[in-house]
Amino acid sequence: MDLQLKSALNDKQYIAASTSSGPVLIIAGAGSGKTRMITYRIAHMLECGISQSNILALTFTNKAAKEMTERVRQLTGEKLPKLTTATFHAFGAAILRSEIHYLGYDDNFTIYDQADKISLIKNVVRELHIPLEQIDLYELDNLFSSIKTNRSGWSTETSRYKEIYEEYLLQIKAYNAVDFDDLIMLPIKLFEEVPALLRKYRERYQYIMVDEFQDTSLAQYRFVHLLSQEHRNICVVGDDDQSIYSWRGANYENIVNFERDFPNFKEIRLEQNYRSTGNILQAANALISHNTKRKEKQLWTGTEKGRSIALFHPDDEDHESEFICTKIKELAFEQGLSYDDFGVLVRTNNLLSSLEQTFIQNQLPYTISGGKSFFSRKEIKDIIAYMRLLTNPDDNVNFLRIINTPRRGIGRVSLESLRSYARSHELSLFSAVTKLSLDMNAPIKDRLRQMCCSFTEMIECYKTKLFSRQPMAKTIRALIGDIDYRGHLISEHPDNERLVQWKMKNVDLFLQMFERWEKNPDNIHPNIYEYLNRISLTSKVETDKEQGKVNLMTIHASKGLEFDTVFLAGVEDHIIPHARSIQENEQSLEEERRLFYVAITRAKRSLYMTSCKQRKVMRETIATVPSRFLEEIPQGLISHIDEEIETSDEEAADLFAQLRAKLAT
DNA sequence: CGCCAAATTATTTTT
DNA sequence: TAATTTGGCG
């Protein structure tokens with residue numbers, strides 16, 4: 001292996017990639033070849049004889065982790081089974097998988113995603129007899145998260161929720177489940193309480209890298225700090241201008257923490273942009289300079305100015321989608337671009353749906369990433385709930401989800417008696433049901449006992465099957481047939497056969513994925529716990545960038561990606577900046593500006609922005625105002641597109657002539 | 001006591 | 001628009 005680091009990278013990148021030891025802070029502007037540099041850095045470490053098992057690279061998404069391994073593999077031509085690249089959460093989960101017994105959990109613990117967490121909170125609120133209408137569950141989710149990760153303490157307004165929080169903690173532990181915050185906080189706790197463990201992991205991971213450092217939370221920082229403070233071989237890479245996750249606890253002041261905790265660190269700035277044309281970069285620079293709290297930097301590019309940024313004002317969102325579709329077809333033809341060279345970015349998921357409609361109508365191939373995730377579809381969650389209950393009988397949240405799905409005649413009242421029985425015997429709901437169905441003296445109706453009996457029998461039967469040598473996917477498929485899930489869907493949607501078909505197709509897709517995973521020979525531990533963990537941490541299906549399809553996504557999902565041509569839709573006040581952040585404070589507004597900045601800097605050659613004159617919001621049409629951020633871009637860089645959606649006649653004729661000329665030659 | 005249908009309400013971003 | 005909650009019926 002000969003990397004030729006020096007010729008493959010520019011001077012700054014070279015320094016960054018070749019400095020393996022000691023603390024390194026890399027400020028990498030948008031499009032500065034960050035990924036390339038990181039890839040080379042890891043490859044270089046391997047070349048220097050550092051064992052792959054000593055390297056830990058933490059990324060922000062699973063996709064990024066996977067891609068990083070893949071790239072290093074291509075560069076080095078080696079299989080890298082011991083190289084650890086993972087998200088913080090996945091890494092935390094892996095640690096817990098082997099060590100959680102130290103903390104009094106069972107190692108078949110379940111990971112609760114946001115939906116599970118909210119449904120648990122809801123149950124707690126109900127049990128405490130607090131009227132639900134006074135409670136914003138989403139807000140509680142956030143609050144509990146900040147409390148758990150020490151982002152904030154109890155205040156006079158929030159202390160009234162303390163009781164709910166404490167009950168939440170008790171219950172989630174009793175269910176042998178952990179939430180996303182636990183995946184970071186419990187490993188920290190382990191390290192602090194069991195010094196031998198900390199030593200073990202410090203010894204193993206001697207070289208640590210953190211990508212997207214601006215999006216790490218204080219807790220995550222504490223976690224890597226614990227691991228790396230002894231050997232100090234830590235390299236963090238980030239760009240404060242691209243910090244867009246502060247609502248999730250990301251805190252780019254971690255850069256300051258890093259500077260404090262790792263004195264004599266080496267700082268490297270990557271400011272040469274290889275991605276975008278001069279105009280696009282200039283617009284981005286002008287925009288972001290309106291932020292007050294930032295590290296001053298000046299991105300520059302050696303490439304030409306390029307075409308100007310186009311701005312169009314459609315009448316409404318239908319017009320907008322039409323424009324985008326037409327324009328993409330036109331550009332693809334004129335410039336010989338493939339559809340996958342296009343990215344259509346939006347601020348919020350709901351804006352994707354009208355776009356999707358129009359893409360279907362126009363028969364334009366597209367992929368959507370983000371959006372309502374595959375694993376959070378109801379039919380998939382139902383199946384997963386069965387799998388989770390099979391692996392962890394203490395999981396009351398998932399028990400409640402499926403006990404009456406499909407209908408078993410166990411309604412509100414029966415459930416209440418089950419609950420009180422479980423409570424008085426200090427049992428999980430599932431154990432309670434098991435016990436009830438055997439205990440002839442228990443105070444329940446025969447019919448209910450009958451139901452419980454058949455339910456537990458069924459679960460036990462599949463549990464045995466699942467842990468025998470038979471293929472797991474096959475077992476789950478049998479289970480779905482056994483409970484007649486299709487019949488359940490039909491009764492839920494009696495007048496919509498197509499929906500039922502669609503949902504069953506999703507279920508089948510899920511089973512196929514499971515099967516493929518199970519049969520994959522690269523899979524070292526093909527057990528069901530691994531799989532359930534994995535899908536808890538994977539919100540969306542990892543769509544390998546599909547060729548020949550336009551990419552539709554939220555701006556958040558576009559981070560780290562680039563497209564030849566970018567369409568930014570819904571560039572309106574109250575969308576970006578989002579209405580909520582306008583209400584909040586200047587800080588939120590700055591984050592929205594960074595979001596806009598990220599969107600713009602995804603574009604390599606062309607950028608189109610659309611801002612509707614009016615838009616349907618919750619059934620009524622309201623007039624909209626162009627985004628205030630548009631005014632922060634030098635007007636000379638923007639050219640306005642007027643009503644030319646139906647390509648004017650001459651232009652159409654011209655296109656036609658071109659086409660004819662092409663065919664003639 | 002469960003089930004169905006009508007009313008209601010909620011929509012930022014994601015590990 | 002779609003999923004969830006509530007109220008009345010069988």
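Quick note: numbers below take in every heavy atom, side chains included, and nothing from hydrogens, waters or symmetry partners. Protein chains get the first letters and strands the later ones, always in sequence-line order, with residue 1 at the start of each.
Residue A:Y138 is classed as a base contact, given a heavy-atom separation below 4.0 Å to a base. A:Y245 comes within 4.0 angstrom of sugar-phosphate atoms only, judged by non-hydrogen atoms across all strands, and of no base.
For A:D182 and A:K148, the salt-bridge test passes: some basic side-chain N is under 4.0 Å from an acidic carboxylate O. Salt bridge present: A:E572 and A:R615 bring a charged side-chain N and a carboxylate O closer than 4.0 Å. A salt bridge links A:R628 with A:D573; the closest basic N to acidic carboxylate O contact falls under 4.0 Å. Taking the charged nitrogens against the carboxylate oxygens, A:D113 and A:K381 do have a contact shorter than 4.0 Å, which makes a salt bridge. Taking the charged nitrogens against the carboxylate oxygens, A:K34 and A:E212 do have a contact shorter than 4.0 Å, which makes a salt bridge.
Annotation: salt bridge (Lys or Arg N to Asp or Glu O under 4.0 Å) contacts of A:D239 (sequence neighbours excluded): A:K297. Applying the side chain to side chain contact (heavy atoms under 4.5 Å, CB included) rule to A:K122 yields the partners A:R126, A:L132, A:L137; only residues at least two apart in sequence or on another chain are considered. Legend: residues meeting side chain to side chain contact (heavy atoms under 4.5 Å, CB included) with A:E530, ordered by chain and number and at least two apart, are A:R97, A:W517, A:H525, A:N527. Applying the side chain to side chain contact (heavy atoms under 4.5 Å, CB included) criterion to A:N404, with sequence neighbours excluded, gives A:R407, A:R408, A:I410. For A:H578, the ring-ring contact (aromatic ring centres under 6.0 Å, His included) test picks out no residue, with sequence neighbours left out. Annotation: side chain to side chain contact (heavy atoms under 4.5 Å, CB included) contacts of A:N396 (sequence neighbours excluded): A:Y175, A:S428, A:L429.
Between A:H488 and A:Y485, the ring-plane angle classifies as tilted under the 30° and 60° cut-offs. Aromatic ring orientation, A:Y168 versus A:F144: tilted (interplanar angle from 30° to 60°).
The closest side-chain donor-acceptor pair between A:N254 and A:N251, if any, does not fall under 3.5 angstrom.
For residues 410-419 of chain A, the pairs satisfying side chain to side chain donor-acceptor pair (under 3.5 Å) are A:N123-A:R419, with sequence neighbours left out.
Between A:Y112 atom OH and B:dT15 atom C1' there is a gap of 18 Å when expressed in whole angstrom units. Look at CZ on A:R447: it is 6 Å from P on B:dG2, rounded to the nearest Å. Taking atom CD1 on A:I244 and atom P on B:dT13, their separation rounds to 12 Å, with Å as the unit. Taking atom CG of residue A:L351 and atom P of nucleotide C:dT1, one finds them 16 Å apart after rounding to whole Å. Between A:H89 atom NE2 and B:dT15 atom P there is a gap of 9 Å when expressed in whole angstrom units. Atom NZ of A:K559 and atom P of B:dT15 are 10 Å apart (whole Å). The distance between atom CG of A:D141 and atom P of B:dT15, rounded to the nearest whole Å, is 14 Å. Rounded to a whole Å, the CD atom of A:Q114 is 11 Å from the P atom of B:dT14.
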Steps toward salt bridge (charged side-chain N to carboxylate O under 4.0 Å, His left out) verdict (A:K189, A:E99)
CA-CA 11 Å; A:K189 197 171 173 204; A:E99 325 285 0; over 6 Å; no

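At the phosphate of B:dT14, neither OP1 nor OP2 sits under 4.0 Å from any side-chain N or O atom of A:N62. Listed pair A:T554 / B:dT14 meets the phosphate criterion, a side-chain N or O lying under 4.0 Å from OP1 or OP2.
Contact check of residues 402-420 of chain A against DNA chain B (heavy atom, cut-off under 4.0 Å) returns A:N404, A:R407, A:G409, A:G411, A:R412, A:V413, A:S414. Of all the residues in residues 590-602 of chain A, not one reaches under 4.0 Å from DNA chain B with any non-hydrogen atom.
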List, with names and distances, any nitrogen or oxygen atoms from the protein found under 3.5 Å away from nitrogen or oxygen atoms belonging to nucleotides 3-5 of chain C.
from  : atom 1 : to     : atom 2 : distance (Å)
C:dT5 : OP1    : A:K122 : NZ     : 2.4

Contacts under 3.5 Å, N or O only, protein and nucleotides 5-10 of chain B:
none

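A cation-pi arrangement, defined by a distance under 6.0 Å to the six-membered ring centre and an angle within 45 degrees of its axis, is present between A:K559 and A:F60.
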Pairing annotation in dot-bracket form, given for DNA chain B with Watson-Crick or G-U pairs under 3.5 Å and | for cross-strand partners
||||||||||.....

